[in-house]
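What you see is a predicted model, and the numbers here were worked out from it, not measured in a lab. Heads up: numbering here begins at 1 and tracks the sequence.
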Amino acid sequence: QVQLVESGGGPVQAGGSLRLSCVSSRSIFRLKTMGWYRQAPGKQREFVAGFSDGNVNYADSVKGRFTFSRDATSNTAILQMNLLKPEDTGVYYCNAEIEVGPVELVRRLAYWGQGTQVTVSS
């Protein structure tokens, strides 16, 4: 079981910055993946940025503006969002996956935070 608690969302004007944090109840070194997704009204949830298999990946729409990082001392994933645009508006969810089971039957379990609202006004 992994609990994820997000914080840092809120209203901001276009061109501004926000910093989202996600605290994990499990050491980040025991997580297979950790990242951020977002869901805009009327749209499907989409990947934003995250860590997996030793790499940090970004959605094309946020490359150069968002930075994903992890703080092992506090088991926290951070999403620094700069040059925000109205289309970045949505609920941002933290996601983490772990592997369970024997090697020959390993499977992944995914966990989600409660989400934090980001609203960018033009």
For Q39 and E46, run side-chain contact (heavy atoms from CB on, under 4.5 Å): C-alpha distance rounded to whole Å, both residues' side-chain angles, the deciding distance at 0.1 Å, then the answer. CA-CA 6 Å; Q39 187 165 19; E46 63 176 1; over 6 Å; no
Under the side-chain contact (heavy atoms from CB on, under 4.5 Å) rule, what do F47 and N57 come out as? Steps first, then yes or no, please. CA-CA 9 Å; F47 172 78; N57 300 295; 4.2 Å; yes
Take V56 and R70 through the test side-chain contact (heavy atoms from CB on, under 4.5 Å) and record every step on the way to the result. CA-CA 10 Å; V56 176; R70 299 180 302 163; over 6 Å; no
Kindly indicate, with the supporting measurements, whether the criterion side-chain hydrogen bond (donor to acceptor under 3.5 Å, both in side chains) is fulfilled by D71 and T76. CA-CA 5 Å; D71 180 353; T76 301; 5.6 Å; no
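Note on E99 versus R108: salt bridge recorded, some NZ/NE/NH1/NH2 to OD/OE distance being below 4.0 Å. Look at K63 and D60 and you find a salt bridge, because one of the NZ, NE, NH1 or NH2 atoms lies within 4.0 Å of a carboxylate O, short of that distance.
Shown here for S122 and A14, the closest heavy-atom pair between the two residues is CA-CB, 4.2 Å. Across all non-hydrogen atoms, the minimal contact from G9 to L20 is N-CD2, 3.5 Å. The two residues M34 and C94 come nearest to each other via the heavy atoms CE-SG, 4.2 Å. Between I28 and A72, the shortest heavy-atom distance links the atoms CD1-CA, 3.5 Å.
Residues L31 and V100 share a single hydrophobic cluster, defined by chaining ILVMFWY side chains whose heavy atoms lie under 4.5 Å apart.
Looking at W36 and N95, their side chains never come closer than 4.5 Å, going by heavy atoms from C-beta outward. Counting heavy atoms from C-beta on, the side chains of S24 and V2 come closer than 4.5 Å. Counting heavy atoms from C-beta outward, Y92 and V48 have side chains that approach closer than 4.5 Å. Looking at heavy atoms from C-beta onward, V91 lies out of side-chain contact with R38 at the 4.5 angstrom threshold. Proximity of R19 to M81: side-chain heavy atoms (C-beta onward) are nowhere separated by under 4.5 Å. Side-chain atoms of Q117 and T89, non-hydrogen and from C-beta on, do get closer than 4.5 Å to each other. Between R26 and I98, the closest side-chain pair of non-hydrogen atoms falls below 4.5 Å. Side-chain atoms of Y58 and T67, non-hydrogen and from C-beta on, do get closer than 4.5 Å to each other.
A distance of 10.0 Å separates CZ of R30 from CG of N75, quoted to the nearest 0.5 Å. To the nearest 0.5 Å, the span separating OG1 on T33 from OH on Y111 amounts to 12.0 Å. Rounded to the nearest 0.5 Å, atoms CD (E87) and NZ (K43) are 8.5 Å apart. One finds the CD atom of Q13 at 11.5 Å from the CG atom of L84 (value rounded to the nearest 0.5 Å). F66 contributes atom CZ, which lies 9.0 Å from atom CG of L83 (distance to the nearest 0.5 angstrom).
For the side chain to side chain contact (heavy atoms under 4.5 Å, CB included) with L18, the lone residue among L79, T119, V118, V120 that qualifies is V118.
Within the 3.5 Å criterion, the main-chain N or O of N82 finds no donor-acceptor partner in the side chain of S17.
Apart from I78 itself, the hydrophobic cluster it occupies contains nothing, where clustering links Ile, Leu, Val, Met, Phe, Trp and Tyr at side-chain heavy-atom distances under 4.5 Å.
Residues meeting the side-chain contact (heavy atoms from CB on, under 4.5 Å) test with S7, sequence neighbours left out: S21.
In this structure, Y93 has its ring center no closer than 6.0 Å to that of Y37.
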